[in-house]
Student: 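Take a look at the following structure, please.
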Amino acid sequence: MNKKLLTLLAALFALSLLAAACGDDGDSEATDTTTAPAATEAPDEPDDEMMDHLGDGSLGGVTVDAGGAVQIRSLNAITGDVAFFGLPLERAVILAIEDYGQIHGFDVDLGTTLDDLCSNDGGQAAAQIVVADEDVLGVIGTSCSGAAVAAAPLITDAGMVMISGGNTSPALTSDLAGTPGENYNVGYYRTAHNDLFQGAAVAKFVFGELGFTTAAAIHDGDPYTQGLAQAFADAFEAEGGTITGFSAVNKEDTDMVPVLTEIAAGGPEALFFPIFQPAGDFVADQAPGVSGLENTVLLAADGLLNTNYLALPQTAGMYFSGPDSRFGENVNQSTGKTAQDFLAAYEERWGEAPAAPFWAHGYDATTMLLDAIAAASYVDADGNLHVDRQGIRDYLNSIEGFSGLIGTINCDDFGDCGAARITVVQNIGGEENAVASMDNVVFSFVP
């Protein structure tokens, strides 16, 4: 009911009381001295724009003053040995913000980009910087699962959301059967796949396509590497294969011969080592020289699926699992950009193609966050933007059928939103073929 109608009804009520006071029953001389209440204007109702936003205020909110900017942050590995992985994600955030434009007339500010160092300590230190700024609404990151284990609790406990384009550890979301992972936090989401899918894909490739019945795996203790190695081992045994060895190396190790010798004792036909550089360099270099591994086929995962590693001579012929990056004409519904549009802008801006495969996941994650902020906010009469933190989560929790560069995105109850399409590629070999190798698909997996 609008304000004018309420005012009119109040006035009519007052007149009816006045008429009653003036009338009599013909017998009484007494005069009714009841005073009619003065007509008052109904209280203002919220504007439609104020009502039309998600959130119940349970996590508080952020007010952006007129002329200010919406604050989000990027937290990815942008220095060190894993910078090849995090830089495309950070750059995807930058391009997505530019393509998206303003939210209700307000610019989006990325602030100072932060480095997760692909480590637990790095994730924790960067997250502490993020949560110290109460105006930050959400974070795109981390790139590495190990960093997310430490960063996600801090960021989500502060009422912010965290959306990763690169984390794949099942521990961060769920076992895909309704049980939350040991490192799951409400308010955490990702567009990257769950590695239970990737482990199954590698197992099917090794057992079904290569025809091998024995395999071994190596990890480095990181939540990503250990989780994926275990997912592969479990899936390979489920296929009917035998895991002959499951060992760990240290990220700082350069002499891999002791561990490789232990692995060789089982005589595996395949060795899967989903680890990072530089440790991955030494495994590929030293494995063929260890007795019993001369003919063992080497396989790695998306932690090593980058142009730097593919250019190493010892990696020629290796197989790599990772997200299916054949995005075709997929369009991001929030910006109208295709994968081809993104790649053209990326190469024009930075003079190279993305060195690792999760760039589209970072782009989609950013637009999802910006859409969520838009859905959870309104502009008041003074031109200030009010954003409800719970409303951001409400939007992300309800995502279904979102069209992104990576394909159709649906978020489950534990924050898994990514497309579960996995490919295995084979390295053609040589620096000039590094980029082409990422597109040299020999096996595709869709659950």
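Throughout, numbering of the chain's residues begins at 1 and tracks the sequence.
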Student: Suppose we screen for salt bridge (charged side-chain N to carboxylate O under 4.0 Å, His left out). Which residues come up paired with Glu262, at least two apart in sequence or across chains?
Tutor: none

Student: Any idea which heavy atoms bring Ala235 and Ala200 closest together, and the distance?
Tutor: CB-CA, 3.7 Å

Student: Would you please say whether a donor-acceptor pair under 3.5 Å links the side chains of Glu90 and Asn76?
Tutor: no

Student: Could you tell me whether Gln128 atom CD has more than 12 heavy atoms of other residues or ligands within 6.0 Å of it?
Tutor: yes

Student: Pairs in or reaching into residues 282-305: which pass ring-ring contact (aromatic ring centres under 6.0 Å, His included), with residues at least two apart or in two chains?
Tutor: none

Student: Any sub-3.5 Å donor-acceptor pair from Thr242's side-chain atoms to Thr244's backbone N or O?
Tutor: no

Student: I'd like to know if the side chain of Asn410 reaches the main chain of Gly401, judged simply by a donor and an acceptor atom lying under 3.5 Å from each other, with no hydrogens or angles considered.
Tutor: yes

Student: Would you mind listing every ring-ring contact (aromatic ring centres under 6.0 Å, His included) that reaches into residues 242-264, with sequence neighbours excluded?
Tutor: His219-Phe246

Student: If you round to the nearest 0.5 Å, how far is OG1 of Thr423 from CZ of Phe320?
Tutor: 12.0 Å

Student: Set out, in order, the CA-CA distance, both residues' side-chain angles and the distance that settles side chain to side chain contact (heavy atoms under 4.5 Å, CB included) for Leu310 and Asn433, then state yes or no.
Tutor: CA-CA 8 Å; Leu310 294 169; Asn433 292 320; over 6 Å; no

Student: Do any pairs count as a ring-ring contact (aromatic ring centres under 6.0 Å, His included) and have a residue in residues 389-423, sequence neighbours left out, and if so which ones?
Tutor: Tyr184-Phe414

Student: Start with the C-alpha gap between Val425 and Leu305, add the side-chain angles, then the distance that decides, and say whether side chain to side chain contact (heavy atoms under 4.5 Å, CB included) holds.
Tutor: CA-CA 9 Å; Val425 302; Leu305 185 55; 3.9 Å; yes

Student: Got a donor-acceptor contact below 3.5 angstrom from the Gln426 side chain to the Val441 backbone?
Tutor: no

Student: Do you know which two heavy atoms are closest between Cys411 and Met368, and how far apart they sit?
Tutor: SG-CE, 4.1 Å

Student: Side chains of Asn384 and Tyr378: donor-acceptor distance under 3.5 Å anywhere?
Tutor: no

Student: Verify the distance criterion only: is there a donor paired with an acceptor across the side chains of Asp371 and Tyr100 at less than 3.5 Å?
Tutor: yes

Student: Side chains of Asp388 and His53: do they bring a donor and an acceptor to under 3.5 Å?
Tutor: no

Student: Among Thr168, Ile406, Ile409, find the residue that satisfies the side chain to side chain contact (heavy atoms under 4.5 Å, CB included) test when tested with His361.
Tutor: Ile406

Student: Taking salt bridge (charged side-chain N to carboxylate O under 4.0 Å, His left out) as the cut-off, I'd like each qualifying pair that reaches into residues 231-250, sequence neighbours left out, listed once.
Tutor: Lys204-Glu239

Student: What salt bridge (charged side-chain N to carboxylate O under 4.0 Å, His left out) pairs are there with at least one residue in residues 130-154, not counting sequence neighbours?
Tutor: Arg73-Asp133

Student: State, without any angle test, whether Thr191 and Asp364 hold a side-chain donor-acceptor pair at a distance under 3.5 Å.
Tutor: no

Student: State which residues pass side-chain hydrogen bond (donor to acceptor under 3.5 Å, both in side chains) with Ser119; sequence neighbours excluded, sorted by chain then number.
Tutor: none

Student: At what distance, to the nearest 0.5 angstrom, does CG of Asp341 lie from CG of Leu95?
Tutor: 11.0 Å

Student: Looking at Ser74, is its backbone amide N or carbonyl O close enough to the side chain of Thr113 to form a donor-acceptor pair, meaning the two atoms are under 3.5 Å apart?
Tutor: no

Student: Looking only at side-chain N and O atoms, does Asp121 offer a donor or acceptor that is under 3.5 Å from a partner on Gln124?
Tutor: no

Student: Before you tell me yes or no, could you show the steps for Phe342 and Tyr363 under ring pair (Phe, Tyr, Trp, His ring centres under 6.0 Å), namely the whole-Å CA-CA distance, both residues' side-chain angles and the distance that decides it to 0.1 Å?
Tutor: CA-CA 9 Å; Phe342 174 92; Tyr363 188 93; 5.5 Å; yes

Student: Show me the pairs that pass salt bridge (charged side-chain N to carboxylate O under 4.0 Å, His left out) and involve residues 408-430, at least two apart or across chains.
Tutor: Arg190-Asp416, Asp324-Arg421

Student: If you measure from CD on Gln340 to CG on Leu405, what distance do you get to the nearest 0.5 Å?
Tutor: 9.0 Å

Student: If you measure from CG on Leu87 to CG on Asn306, what distance do you get to the nearest 0.5 Å?
Tutor: 11.5 Å

Student: Specify the closest pair of heavy atoms between Arg393 and Val186, including all atoms of both residues, with the distance to one decimal.
Tutor: NH1-O, 3.6 Å

Student: Within the side chain of Tyr224, is there an N or O that forms a donor-acceptor pair under 3.5 Å with the backbone of Gly303?
Tutor: yes

Student: Distance check, rounded to the nearest 0.5 Å: Leu298 atom CG versus Gln314 atom CD?
Tutor: 10.5 Å

Student: Using side chain to side chain contact (heavy atoms under 4.5 Å, CB included) as the criterion, point out the one residue from Leu370, Ile94, Thr335 that pairs with Asp99.
Tutor: Thr335

Student: With a 4.0 Å cut-off, would you call Glu352 and Arg91 a salt bridge?
Tutor: yes

Student: Which residue pairs pass the salt bridge (charged side-chain N to carboxylate O under 4.0 Å, His left out) test with at least one member in residues 205-228, sequence neighbours excluded?
Tutor: Asp222-Lys251

Student: For the pair Tyr309 (side chain) and Gly280 (backbone), establish whether a donor and an acceptor sit closer than 3.5 Å, ignoring hydrogens and angles.
Tutor: yes

Student: Using a 3.5 Å distance criterion without hydrogens, assess whether the side chain of Thr366 forms a donor-acceptor pair with backbone atoms of Ala96.
Tutor: no

Student: Tell me whether Ser403 contacts the main-chain N or O of Val331 through its side chain, where contact means a donor paired with an acceptor under 3.5 Å.
Tutor: yes

Student: Quickly, which of Tyr319, Phe272, Phe443, Phe207 forms a side chain to side chain contact (heavy atoms under 4.5 Å, CB included) with Val202? Name it, please.
Tutor: Phe272

Student: Check whether the ring centres of Trp359 and Phe85 lie less than 6.0 Å apart, and answer yes or no.
Tutor: no

Student: State, to 0.1 Å, how close Gln198 and Ser321 come at their nearest heavy-atom pair, and which atoms those are.
Tutor: OE1-OG, 2.6 Å

Student: At what distance, to the nearest 0.5 angstrom, does CG of Leu385 lie from CG of Asp65?
Tutor: 10.0 Å

Student: Would you find a donor on one side and an acceptor on the other, under 3.5 Å apart, between the side chain of Gln286 and the backbone of Met256?
Tutor: yes

Student: Between Pro268 and Ile263, which heavy-atom pair has the shortest distance, and what is it?
Tutor: CD-O, 3.4 Å

Student: Would you find a donor on one side and an acceptor on the other, under 3.5 Å apart, between the side chain of Asp109 and the backbone of Ile72?
Tutor: no

Student: By the side-chain hydrogen bond (donor to acceptor under 3.5 Å, both in side chains) test, which pairs, at least two apart or in different chains, include something from residues 140-163?
Tutor: Asp116-Ser143, Thr142-Asn167

Student: Under the side-chain hydrogen bond (donor to acceptor under 3.5 Å, both in side chains) test, which residues partner Thr367, sequence neighbours left out?
Tutor: Asn332

Student: So which atom in Phe106 and which in Gly68 form the shortest heavy-atom distance, rounded to 0.1 Å?
Tutor: CD2-O, 3.5 Å

Student: Scan for side-chain hydrogen bond (donor to acceptor under 3.5 Å, both in side chains) pairs involving residues 438-447, sequence neighbours excluded, and state none if there are none.
Tutor: Arg326-Ser444

Student: Are side-chain heavy atoms of Ile218 and Leu260 found at a separation under 4.5 Å?
Tutor: yes

